[in-house]
Engineer: 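Here it is, the structure in full.
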Amino acid sequence: MASSTPYTVRWGIMATGWIAEMFSKDLLTNPATRDVHDVRHEIVAVASSSAKERADEFITKIDGPSTAKTYGSYHELVADPDVDIVYIATPHSHHFQNAMLALEAGKNVLCEKALTVTASQARKLVDKAREKNLFFMEAVWTRYFPISIKVRELLASGAIGNVYRAVADLSFNNDAPEGKVTFKDSHRMVNIDLAGGALLDLGIYSLTWVFQALYHVQPEKKKESPKVAAAINKYHTGADETTSIIVQFPKHRSQGVALTSLRIGTDVDGHNSGGPAIRIQGSGGEIQVMGPAYRPLQYKVIKKDGGGQVEVVDCPIPKDPTRDWGHGMFWEADECARCLRDGKKESETLPWSESIVIMEVMEEALRQGGVEYPELIATDVFDAQSSLNTGKR
Ligand SMILES: NC(=O)C1=CN([C@@H]2O[C@H](COP(=O)(O)OP(=O)(O)OC[C@H]3O[C@@H](n4cnc5c(N)ncnc54)[C@H](OP(=O)(O)O)[C@@H]3O)[C@@H](O)[C@H]2O)C=CC1
Ligand SMILES: O=C1OC[C@@H](O)[C@H](O)[C@H]1O
């Protein structure tokens, strides 16, 4: 029989930027407001690589607990004995070194997407987690949404027959005059030194849907790494600005198309007039998911023999009324808590092997498009004193 006392996870937050704020505010919501009663979350420490004061300000900004310890370095955070799991919210460039720093220190890790810059880095992190017997997960929050769970269930149950194709897009219109985009060259979205680019930041969600539809739902023995064909337009910084990938799963006769761009928007007018962001097509029908691909709130099921009837299902994200907050990242946090409680080292919803295959696809696409990242961020050699860990910029 399940215990009536919820299992508590004590989080350490690494970095104090935008997504760290979103995630931390979600951790602070009351789980009961999403009908979760078996796990709960505490923020026990926050670290900024630049200054302890930034971590102090962060706690104020999120209306966090005054008991949380604040650090001016990532090294101090991973050494804190009260931290059960470290949430890594730094740019892509930093993930390998930061995650390895935490794993080496014996900490469980939830690391923001994209997991790493290269597939080799991802494999090394998984090897380290295995060696140290630690929990490790890529923070692809969308996978833990009830809408994703429902769509996977529908696909697995054969609701649309044999699934042969998935087309997914996550693009934003950041077009600007004279060939520019609206981001400054130094911004993490386009800065090659921070592993910027549409694919690692946005295209990973398009691939997430392609993989949820065509790969994840396959029985383990039938899973196959896809063939990859990619077209990439590079921005003047060297990062990719528009990337289109076709993945082909020959044994399953299925194909996925993953699209991303910083030039045109999936949602043309901000009202979803452009139609679904994701189309999953099977022999017996189609499932459409309304975007954005990272935070979808509605899906439709269209049956081949449905006589024109379309099932439309809304999947809203619950808010904690006390804090007036609910972004949707709490579901992945709940998954981490349950895995820690149950002694699991990886999440079945995004197993290590799947994160690695997706990193391999992105690496191959970037190779075909001629995108190259600097050695400092592409190396798979861990260095605790790397500037990516010490913050000495
Ligand atoms: N799941 C989701 O919905 C989203 C995920 N993300 C992911 O989260 C990660 C961070 O994105 P986001 O929060 O938007 O980025 P921000 O630029 O807002 O924050 C990044 C933080 O990383 C730390 N950092 C350390 N070194 C550097 C450096 N050289 N340059 C910039 N920042 C540095 C800083 O914190 P400090 O100084 O305190 O150490 C900074 O505040 C990315 O991997 C991104 O893909 C982003 C947005 C949404
Ligand atoms: O993960 C993300 O989802 C939302 C986007 O706006 C953001 O750039 C990206 O990092």
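Quantities reported herein were computed from a predicted structural model and do not represent experimental measurements. Indexing begins at 1, ligand by ligand and atom by atom, following the structure's order.
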Engineer: Run down the list H95, K113, E21 and name the one with the heavy atom closest to atom 6 (N) of ligand 1.
Structural biologist: K113
Engineer: Is ligand 1 less than 4.0 angstrom away from at least one heavy atom of F23?
Structural biologist: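 No, that is not the case, since the closest heavy atom of the residue is not under 4.0 Å from the ligand.
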Engineer: Would you give the length of the straight line joining atom OG1 of T260 to atom CG of L202, rounded to the nearest 0.5 angstrom?
Structural biologist: 4.5 Å
Engineer: Classify the contact between R188 and ligand 1 as side chain, backbone, both or neither, using a heavy-atom distance cut-off of under 4.0 Å.
Structural biologist: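 Side chain only.
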Engineer: At under 4.0 Å between heavy atoms, which part of Y294 makes contact with ligand 1: side chain, backbone, both or neither?
Structural biologist: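 Contact part for Y294 vs ligand 1: neither.
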Engineer: Should the proximity of M14 to ligand 1, defined as any heavy atom under 4.0 Å, be assigned to the side chain, the backbone, both, or neither?
Structural biologist: neither
Engineer: Return the set of residues passing side-chain contact (heavy atoms from CB on, under 4.5 Å) with A293 (not counting sequence neighbours), or none when no residue passes.
Structural biologist: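 With neighbours one apart ignored, the set is L170, Y205, W209, I278.
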Engineer: Out of E112, K392, H94, whose heavy atom is nearest to atom 5 (C) of ligand 1?
Structural biologist: E112
Engineer: Give the residues near ligand 2 by chain and number, with the criterion being a heavy-atom distance under 4.0 Å.
Structural biologist: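 Lining ligand 2: K113, R188, M189, D201, L202, Y205, Y294.
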Engineer: What residues, two or more places apart in sequence or in another chain, satisfy side-chain contact (heavy atoms from CB on, under 4.5 Å) together with Q281?
Structural biologist: R165, V167, R279, E286
Engineer: Please find the pair of heavy atoms, one from I147 and one from Y299, that lie closest to each other, and give the distance.
Structural biologist: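 Of all heavy-atom pairs spanning I147 and Y299, the closest is CG1-CD2, 3.7 Å.
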Engineer: Can you name the nearest heavy-atom pair linking S148 to T142, along with the distance?
Structural biologist: OG-O, 2.6 Å
Engineer: D38 side chain to P6 main-chain N or O, any donor-acceptor pair under 3.5 Å?
Structural biologist: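 Checked: no pair found.
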Engineer: Report yes or no: do I43 and M22 belong to one cluster of Ile/Leu/Val/Met/Phe/Trp/Tyr joined by side chain heavy-atom distances under 4.5 Å?
Structural biologist: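 Cluster IDs for I43 and M22 match.
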Engineer: What part of M22 sits under 4.0 Å from ligand 1 if we count only heavy atoms: the side chain, the backbone, both or neither?
Structural biologist: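 The answer is neither; M22 stays 4.0 Å or more away.
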Engineer: Record the part of F58 in heavy-atom contact with ligand 1 below 4.0 Å; permitted values are side chain, backbone, both and neither.
Structural biologist: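 Neither part.
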Engineer: Has W352 got a side-chain atom pairing as donor or acceptor with F136's backbone, closer than 3.5 angstrom?
Structural biologist: yes
Engineer: Determine whether the side chain, the backbone, both or neither of A89 has a heavy atom under 4.0 Å from any heavy atom of ligand 1.
Structural biologist: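 Under 4.0 Å from ligand 1, A89 contributes backbone atoms alone.
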Engineer: Write out all pairs satisfying side-chain hydrogen bond (donor to acceptor under 3.5 Å, both in side chains) with one or both partners inside residues 300-317, taking only residues at least two apart or from two chains.
Structural biologist: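 Output for this query lists Q298-D314.
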Engineer: Verify side-chain contact (heavy atoms from CB on, under 4.5 Å) between F382 and L101, making sure each step is shown before the conclusion.
Structural biologist: CA-CA 8 Å; F382 173 57; L101 186 75; 4.1 Å; yes
Engineer: Check each of L388, L194, N389 against atom 30 (N) of ligand 1 and report the one with the nearest heavy atom.
Structural biologist: L194
Engineer: Any chance the rings of W11 and F23 have centres within less than 6.0 Å?
Structural biologist: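 Centroid distance W11-F23: below 6.0 Å, so yes.
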Engineer: Out of Y74, W18, W141, indicate the one that has the non-hydrogen atom closest to atom 47 (C) of ligand 1.
Structural biologist: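 Comparing heavy atoms across Y74, W18, W141, the nearest one to atom 47 (C) of ligand 1 lies in W18.
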Engineer: Check whether any heavy atom of Y71 sits under 4.0 Å from an atom of ligand 1.
Structural biologist: no
Engineer: Please state which option from A15, S50, A20 has its nearest heavy atom closest to atom 37 (O) of ligand 1.
Structural biologist: S50
Engineer: So, regarding G17 and ligand 1 (criterion: nitrogen or oxygen to nitrogen or oxygen, under 3.5 Å), is there a contact or not?
Structural biologist: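 Checking ligand 1 against G17, an N or O pair does fall under 3.5 Å apart.
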